[in-house]
Structure formats: C-alpha cells, structure tokens
Amino acid sequence: MFFLYFTFTEQVKSILSDAIEKAEFEAGEISLEPSQHADLSSRIAFLIGSRTKQNPKEVADRIVAEISIPADSLVGKVEATGPYINFSASDAYIQKTYWSIRTERENFGGNFASGKILLEHTSANPNGPLHVGHIRNSILGDTLSRILKRAGYDVEVQYYVNDMGRQIAIVSWAFDHFEFDKTKKGDHAIAEIYIKANRALEEDPSKVAEIDRFMQLVESGDEDTIKRFDEAVNYALEGIKKTLLEMNVHHDSFVTESSFIRSGAVKDIVERIKATGRTELDDGAIVVDLSDYGFEKSLVIQRSDGTSLYTTRDLAYHEWKARHADRVIDIFGADHKLISGQLRATLNAIGVKEPEVVIFEFVSLPEGSMSTRQGKFISADELLEQVEARALEEVTIRRPEMDDSFKKEVARMVGIGAVRYDIVKVSPEKSTVFDWKEALDFEKQGAPFIQYSHARACSILKKAEEEGLWDPEAQANPALLVDDSEIAFIKKMALFDQVLEKCASELKPHHLAIYGRELADAFNQFYRFSPVLAAEDDNIRAARLGLVDCARVVIANVLDTLGIDAPQSM
RNA sequence: GGGCCCGUGGCUUAGCCAGGAUAUAGCACCGGGCUUCUAACCCGGGGGUCGUGGGUUCAACUCCCACCGGGUCCGCCA
C-alpha cells in the first residue's frame, strides 16, 4: 500500500511549512484544499497576510521563492497565482499511481483505517415488504458499510428485528381474522392482512385490548404467543431478505428485540437507569428525566402494565453493541431524530458509549407520506421489477444480436445499479418525492454511465487480447502517457483514497457516487482523445493498454464499493 | 406553539460543518459528431438576484440574527 494521495498531501505540507519558515513567517495550521486550479492549493497567504497586515499576493510570492522540492518528490510544480499557492503532482506521482493500481488491483483504494464497527441499517418492521422509503436506509447503510470495509474497518452489519412490537401483535392477531395468501411472497401477504387488521381495529377499537393481551403474553414468555409472533415475523422477514439480496444489500446478522427480553438485558438496563435517580413513576409508567440534556419531555421506558417499549429494548441493544465494537453506527430515518437523541442521552447518563447516528430525510409519494399500515407505499420489489423491465427494453434496442440470458443479466445489473445510484447520489439530508418517470429514466449520467465505461475498458482489452496485442505481464512505460486526458484520468484515479476517507469520516456515501461519475467522465475523455489499439507505436499502445487495465480495475473497485455490478459487456 | 432538516438556472443536484480564484454536474432546450477501440458516448451554446432582509469580514452560497416557504418530530407507537 502506498497511499499516494495522502503521502502527496504530507509532502506538500512539509515543503510548504519549510518555505514559510525560510520566508520568516509563522506557519501555524496549514490548510490545503483540492482545487480546480491545481492538485492541491493553499490559502495560507491570506491568513499570514491578514495577521501581519501584508499584501497576501506578496506573501505568496515570498513563500514560493523559498520553495525547494526534494528529488523523487510526488510534488512537481509549485507556483503562486495571486495569493494562492498551487501545487501540482510530479511525473513520479503519475507513474507510481499507475503501478500501484496495476499491482494492487482489487485492493487498490482504502485500507488506511482499523477498528471494529457495528453498523445497523434498514431494521424495517416485519409487517410488510420494504418500500421505496426503507431502501434509502438500506442503500445508504449498505454503501456505507462497503466504504468503511474498504477503508479498512472490521465492519459487522446488523438488522435489528422488531419481533414483539405492537405492529407484530397486530399481524399475529390478523392471522386469526383474515385469510393469509400463501401463494404470495411472504412480506406482501403479511402486509395484506396487516392493512385489513388495522382497518378492523379502527372500526372497532374495543378489539385493541386483544392486541394488548398478546403483547403482555409475549413479554411474559408465553410459548404459544411467542411461536405465533415468530411465525408472522418469519414470513415477512424471508421476503425482506430476498429483496435485500436482490439489491446487493448484505447483513451479517439479524438480531431480535425479544432476545434482549429473554436474556434479562432489558430488565438490567431499566435497573441501571433507575440507579441514576433520573426516573419517576407517572401513572404507573417509568419515565426518565433528560431535561439536562435539552429534552423538555421525559422518556417513557416502561408501560404502566409493566411491559417494555421499543425504546427500552433499543437501549439494551445499544448497550450490547457498545460492548462489542469500537464504533457503533446507526442509520435512521428523520422520524427517529428525537428518539435517537433521547437514546443517546440515556446511554450517556449510564456511561455507555453512544452510537453515531446517520439521519436521512424522507422519501414521500406525490400524494403524501408512505404508510404500510394504510397500504400507501410503493414496494421495492415493484420498483426493481419496473426498472429492470425498462433496462431490458433498453438493452434489447442496443444489443439485439445478443441472446436472452445476456440481455436479462445486463438488465438486472443496470436496473439495480440505477436504483442504488439514484438513491445514494443525493445527500441524505434532502427529502425527496418518489417519481416513477424519474425512477425509470436512467439516460442521464448515473450508474449505467459508469458501468458502460467499465464495459468499454473491458471491450478494448478483450479485443487487444484477441489480436495478440495485450500481455498483462509485458513491460509498459507510463512515462509515455503524456496527453492531458491521460494525466487527468490518472490523477482522478489517485483520488480514490481521498474520497473514501472523506466518505468514511463524514459517514456520507454520496461523495463516492459523484466521484464515480467524474471518474467515468475522465475515462471517457481518455477514450475520446487517445486511440489505444491504433496507437502510434507499440510502446505507446502498451502503455495505454496498461492504463485501460487501470481504468477497469479502479472503476470496478468504485462500483463494488457502491454495491453496483460491473458488467464486462453491456 | 417549540425542536430539527431543506430552500442553488424550467426540473434534479454538488459545494456550506473547516469563508477566498470565472458557483458543480445531470435532465430538458438549441447546434454539431457513428466506413475509426461499444454513440447507454463525445464536442459546442443559451439559461442562476445561491428563498428574503439585515449583520460580521479585506472577502459570504458558505458564519450569525430575523423572516418567508416546504418537510418532519413533540411520553406509555415504532
């Protein structure tokens, strides 16, 4: 591992601080930022200028006059443009990047961090299928887990299964009153009876007592009721798991809420909270005072009938997570903002490490917010089906000569990719409105654009191989790559580490999505301007083929980190 | 009523936390490019008071305050 970009940054810092010292200024904290004008840029002349009441432009000139670059440096040129000091990478940086990609291959990018992370995402209630709101959670969480893994963390991904909440009690009750359609996918069949049950309960509120009874029974450990709940949960969960698998979303384990009741962890956590002296009884319910954390209203952790709440079980779960990882990360929808704040405060009050919470805003329908209970939602299955059908039309138009299994496979990769990319590309704090027209329109620069670049790179190498022009072991000389588009593309590939680091530290995967598009863009520039198979001579062709090999590797790595398949041909 | 999030060309969106060089990109629109490594591509063009009003600063899309618009949450649901 070379971590070229990080080394480059360090070298720039050191060269710059030496020069500042020689120019007899106080360096202080050195800030560097990527810029469209240079590989790295510093605004330090502004700071020194304002501190010493000197013209920043002159300060920059004086500093640059003292710059000396050691031999073999990754830093090439340094110049002052007005008050900015601009650094560009050296030929050595370009060539080392090229070799680093070609030797590290699928390991290129990342591996700079360490530690154990427990990441929880999706955790949708098993009362129906995943809908287009849930999958923002899944895709955000899964992409983040891939980013953190590539960054070098040991990541365990969990789905927290609500197997004993009120919703599940309602589903369980619904089994006795409505017909369960076994021919349907389990999660969809569960939603059907769940919706009917909710309607029935609204019409006859006296039935609610039967739900409460179920909840008391399950919490007290009644075998029959537990079995009923498990059965309902499993129908839904099997369907949910299938959908997740189809979207390339992976969980390492499914942890049930009930396990924290059975282990006694919930009772323990209530006792621990009581011991802080923050609790009081309110109409028989136990509430926690969190006013010193800025929460006006107290938090209920036990119902007046003695049963626990989602929050209580979640506290026990988080206490467990805190003991089993260095970092705990949760992906929650915006509706969980308050409750997750209260959860963090409560954990803090009992001295338990708090989770880092990633909040994403809602996906709604044009007619309003989604609701499983009211049957107002678009399921992920339906979305995937429509998108793949649309992708199949497209591939059929573009590659009519290929056989059906090729078309279907490409359609699948492109469809899922398009969905994942569309969701992950936007910053999580933006709320969005689901729109069929937009969801099915992937003509824009999205996943298919990046996948297509990968397929192009593969296609060139395949053709080169067929013509006996491509030998992966052959000596290639990256010094022959001198065109602007070639240099720019190599520099773009070298930024992969920096982008991963940014995504991992901010817990924001959308930067990677944007980087993927820029990377494909840079490859397309190279493709447009530098003929590979028809290069001027054998040495240039060998160097360019090596660069195409780099393209294939880095684009595939980026796509893999985004959870999007990289087709060899499309 | 209070808390939090969002408000950037017709639409979608990056940049904002760590203030500075002509505000990012896509869609749509106008024009050009397939006898040349896959045109799911490339090149060029028009289009923006960065919600509004103040403030801080040499410098504000970025920081502070107020307001407007949208979303969301506000104890025994999850």
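Basis for what follows: all heavy atoms, side chains included, without hydrogens, waters or symmetry-related copies. To find a chain, count down the sequence lines: A is the first, B the second, and so on, and within it residues start at 1.
Under a cut-off of 6.0 angstrom, the local environment of NZ in A/Lys491 is crowded, with over 12 non-hydrogen atoms contributed by other residues, nucleotides or ligands.
Within the 4.0 angstrom heavy-atom criterion, no nucleotide atom of any strand lies near A/Thr372. If you check every strand for non-hydrogen atoms under 4.0 Å, A/Val410 touches a base. Counting non-hydrogen atoms under 4.0 angstrom, A/Ser364 reaches nothing in the nucleic acid. Nucleic acid contact class of A/Asp314 (heavy atoms, under 4.0 Å, all strands): none. A/Ser41 comes within contact range of at least one nucleobase, with a heavy-atom separation under 4.0 Å. A/Tyr452 comes within contact range of at least one nucleobase, with a heavy-atom separation under 4.0 Å. Among the atoms of the strands shown, base atoms are found under 4.0 Å from some heavy atom of A/Arg399. Among the atoms of the strands shown, only primed sugar atoms or phosphate atoms (P, OP1, OP2) are found under 4.0 Å from some heavy atom of A/Arg166.
When the side-chain nitrogen and oxygen atoms of A/Lys337 are compared with OP1 and OP2 of B/C4, none of them lie within a distance under 4.0 Å. Checking the phosphate oxygens (OP1, OP2) of B/A14, no side-chain nitrogen or oxygen of A/Tyr515 falls inside 4.0 Å. One finds no side-chain N or O of A/Ser431 lying less than 4.0 angstrom from the OP1 or OP2 phosphate oxygen of B/C5. Using a 4.0 Å cut-off, no side-chain N or O of A/His511 falls inside it from OP1 or OP2 of B/U24. Of the side-chain N and O atoms in A/Arg517, none sit less than 4.0 angstrom from OP1 or OP2 of B/A14. Between A/Arg303 and B/C77 there is a side-chain polar atom (N or O) within less than 4.0 angstrom of OP1 or OP2. In terms of phosphate contacts, A/Gln36 brings no side-chain nitrogen or oxygen within less than 4.0 Å of OP1 or OP2 of B/A23.
In this pair, A/Phe434 and A/Trp436 present their aromatic rings perpendicular. The plane angle is above 60°, beyond the 30 to 60° band.
Of the candidates B/G75, B/A40, B/U72, the closest approach to any side-chain atom of A/Ser369 belongs to B/U72. Listed candidates were B/C77, B/C42, B/G71. Nearest to the side chain of A/Gln167 is B/C77. Listed nucleotides: B/A39, B/A78, B/G15. Nearest to the side chain of A/Asn125: B/A78. Closest to the side chain of A/Lys297, from the set B/A39, B/C74, B/A14, is B/C74. Nearest to the side chain of A/Lys430, among B/C5, B/U8, B/C73, sits B/U8. For A/Asn162, the listed nucleotide lying nearest its side chain is B/A78; candidates were B/C76, B/G20, B/A78. Each of B/A14, B/A78, B/A25 was ranked by its minimum atom distance to the side chain of A/His336; first place goes to B/A78. Checking B/C5, B/G75, B/A40 against the side-chain heavy atoms of A/Val287 singles out B/G75 as nearest. Among the nucleotides B/A40, B/C42, B/A78, the one closest to any side-chain atom of A/Phe449 is B/C42. The side chain of A/Glu296 lies closest to B/G2 when the candidates are B/G2, B/A39, B/A40.
A/Glu506 contributes a side-chain N or O that forms a donor-acceptor pair with the base of B/C17 under 3.5 Å. Between the side chain of A/Ser569 and the base of B/U38, at least one donor-acceptor pair of N or O atoms lies under 3.5 Å. Residue-to-nucleotide contacts include no donor-acceptor pair under 3.5 Å from the side chain of A/Ser427 to the base of B/A14. If you check distances only, the side chain of A/Ser50 never reaches the base of B/C58 with a donor-acceptor pair under 3.5 Å. Between the base of B/A21 and the side chain of A/Asn86 there is a donor-acceptor pair shorter than 3.5 Å. Between the side chain of A/Thr311 and the base of B/A78 there is no donor-acceptor pair of N/O atoms closer than 3.5 Å.
Straight-line distance from the OH atom of A/Tyr310 to the P atom of B/A78: 9 Å, rounded to whole Å. Protein atom CD1 of A/Ile397 is 11 Å distant from nucleotide atom C1' of B/A40, rounded to whole Å. As a whole-Å value, the separation of A/Asn198 CG from B/A78 C1' is 13 Å. With rounding to whole Å, A/Asp521 atom CG is found 12 Å from B/C43 atom C1'. Rounded to whole Å, the distance from CD1 on A/Ile423 to C1' on B/U13 is 16 Å. Rounding to whole angstrom units, CG of residue A/Leu365 and P of B/G70 are separated by 19 Å. One atom, CD1 of A/Ile450, and another, C1' of B/A40, lie 12 Å apart when rounded to the nearest Å. We find that CD of A/Glu518 is positioned 11 Å from C1' of B/G15, with the value rounded to whole Å.
Inspection of the A/Gln374 and A/Asn198 side chains reveals no N or O donor paired with an N or O acceptor under 3.5 Å. In the model, A/Thr122 has a side-chain atom that pairs as donor or acceptor with a side-chain atom of A/Ser138 under 3.5 Å. Inspection of the A/Asp483 and A/Ser485 side chains reveals no N or O donor paired with an N or O acceptor under 3.5 Å.
In this structure, B/G75 is classed as syn because its glycosidic torsion stays within 90° of zero.
A heavy atom lying under 4.0 Å from RNA chain B marks the following residues of residues 531-552 of chain A, by number: A/Pro531, A/Val532, A/Leu533.
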request  = For side chain to side chain donor-acceptor pair (under 3.5 Å), just list the numbers for A/Thr372 and A/Asn127, CA-CA rounded to whole Å, side-chain angles, deciding distance to a tenth of an Å, and then say yes or no.
outcome  = CA-CA 8 Å; A/Thr372 303; A/Asn127 56 0; 4.7 Å; no

Evaluation steps, side chain to side chain donor-acceptor pair (under 3.5 Å), between A/Gln568 and A/His454 = CA-CA 7 Å; A/Gln568 307 270 325; A/His454 179 263; 5.3 Å; no

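Between A/Tyr84 and A/Phe46, the ring centre distance stays below 6.0 Å.
Within the 4.5 Å cutoff, side-chain heavy atoms of A/Ile286 are placed close to those of A/Leu281. Looking only at side-chain heavy atoms (C-beta outward), A/Leu461 and A/Asp549 come within less than 4.5 Å of each other.
Where A/Lys463 and A/Ser31 each meet RNA chain B at their nearest nucleotide, the meeting point lying more 5' is that of A/Ser31. Checking A/Tyr84 against A/Ile460, the closest nucleotide of RNA chain B that is more toward the 5' end is the one next to A/Tyr84.
Comparing the P positions of B/C16 and B/A25 gives an interatomic distance of 16 Å, to the nearest angstrom.
Among residues at least two apart or in separate chains, salt bridge (Lys or Arg N to Asp or Glu O under 4.0 Å) pairs with a member in residues 513-524 of chain A are A/Lys492-A/Glu518.
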